[in-house]
Enquirer: 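The following block contains the structure, expressed as structure tokens.
The model shown is predicted, which means the values in this text are computed figures rather than measured ones. Protein chains get the first letters and strands the later ones, always in sequence-line order, with residue 1 at the start of each.
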2 protein chains.
Amino acid sequence: MYRYPVTSRILLAIDCIIFGFDGKDIKLLLVKRNLEPEMGKWSLMGGFLREDEDLEVGAGRIIFYLTGLKNIYVEQLETFGKVNRDPAERTVSVVFFALIQIDEHDSEAVRNHNASWISLDQRPELIFDHNEMVGRAIEHLRYKAALHPIGFELLPELFTIPQLQKLYEAIYNTPLDRRNFSRKLLSTGLLIDTGSKNSNSTTKKATLYKLDTIRYKEKFHAFWNFMPDSMKPVKI
Amino acid sequence: MYRYPVTSRILLAIDCIIFGFDGKDIKLLLVKRNLEPEMGKWSLMGGFLREDEDLEVGAGRIIFYLTGLKNIYVEQLETFGKVNRDPAERTVSVVFFALIQIDEHDSEAVRNHNASWISLDQRPELIFDHNEMVGRAIEHLRYKAALHPIGFELLPELFTIPQLQKLYEAIYNTPLDRRNFSRKLLSTGLLIDTGSKNSNSTTKKATLYKLDTIRYKEKFHAFWNFMPDSMKPVKI
DNA sequence: GCAAAAGTGTTACTTGTACACCCATGC
DNA sequence: GCATGGGTGTACAAGTAACACTTTTGC
């Protein structure tokens, strides 16, 4: 078979930014790196692309390996390829962005990989250009969550409106008006009232909703505007 | 120096989607491929990433080579990496998205590369997954132009409001109301009235504006909403 | 003077924002 | 019975959408 007459072939990495939400803070799944260079330092979970796998398959493999989860929300974020981004050798990294329901992950797998869930505002310095990757991912989360109903991916199947509000408040780091939030949300027609109530509350129990998955697909691209003006992304 | 113990290193390509606007239609700069496989077929302009260059530098090099232009609007779009996307050998392609002022390109360079400006609705079948890349780029153009003032990148330095309107009508393939368009546009405060008039018109001459580049940078992320509801992106 | 395109203003409607009171629950 | 959080309605402001007439120009 024909092969291109080009000498330089490059190592292709995949790094995954995995967001979760614990009901209070947005968290990031970070690992202590187990290979040289920079062994022992904090980094994103990553790996090398295999010869026989598509990019998304590689990302799925890495996420499954770390969390035990399949069929979660994953999208490609951006590819980082500065010449010296990795001191060992030229490596180009395709970064993926994943949202998971934090209580469904396999905590043993996470522990075995030296990984931890860390709040965004407490995240340590990361290796290479991983800090930049995380910055872009947070920006993307804010941007996307303002326009599309992706917040649900971070919550359990049954959730309450106050839970969802806390999620958006965490994403934009700003308080939102309860009444307006609730009204706007219900007006999307994406929520189904399950009739039951949240039992683990010490005060008035909130109504549990689930996502109307059919309408969800139809309305995925209907633009929202939950993003407060002051929080609109600032950098390209 | 340490080198990762991984055997497979992969060929990294860069493909560029270059949009222009001729006052009537959105056009794409396409080339007749001059290497095997698929020599002679239409494709995006591309090349291979060099060992000593960053991704954006590579994209800039390729665009400059084809158009003679530097300092244009370029952003990374997405990376395509299906295992068999290139029949010659495994190649992962980072796709860039560029907007240029069509009358400023070096038409001799374009001719020398067997390239042509082709209207979106007349574009031929492209090789590999390039059709998919173009689809994503059109979607991205619509998405982005609805939220950020990127349309200016496709127009000459001095432009009229009717010109800009025709551009948006071409992007969304839908008519817009002149009065509302003009009012909304002027209310952004991004336009400076140059005082002069468009001379090459056979009827009433329109006012020439230029972009307020300082406010442009400040307001780049102020969200617009020029996108008509019916035109909101439909696929992920 | 007429055809073709540019410029401009008002009104109705829709959507967003601000804000306060009552209800359910556990202690 | 009280503190905590959940649920709801209304009035005002802002933004969007619809629509018609006048002006400039080249022929």
Enquirer: In this structure, how many angstroms lie between the C1' atom of D:dA18 and the CG atom of B:Leu176, rounded?
Expert: 14 Å
Enquirer: Calculate the interatomic distance between A:Phe181 atom CZ and C:dT15 atom P; express it in whole Å.
Expert: 19 Å
Enquirer: Could you list the residues that satisfy side-chain contact (heavy atoms from CB on, under 4.5 Å) with B:Arg61, not counting sequence neighbours?
Expert: B:Arg50, B:Glu53
Enquirer: What integer distance in Å separates B:Asn198:CG from D:dT25:P?
Expert: 12 Å
Enquirer: Among residues at least two apart in sequence or on other chains, which ones pass side chain to side chain donor-acceptor pair (under 3.5 Å) with B:Trp117?
Expert: B:His105
Enquirer: Run the side chain to side chain donor-acceptor pair (under 3.5 Å) test against A:Gln101 and tell me which residues pass, sequence neighbours left out.
Expert: none
Enquirer: For every nucleotide of nucleotides 1-9 of chain C, 5' to 3': is a protein heavy atom under 4.0 Å from its base (B), only from its sugar-phosphate (S), or from neither (-)?
Expert: ---BBBBBB
Enquirer: List the residues meeting salt bridge (charged side-chain N to carboxylate O under 4.0 Å, His left out) with A:Asp106, not counting sequence neighbours, and say none if there are none.
Expert: none
Enquirer: What residues, two or more places apart in sequence or in another chain, satisfy side chain to side chain donor-acceptor pair (under 3.5 Å) together with A:Arg123?
Expert: none
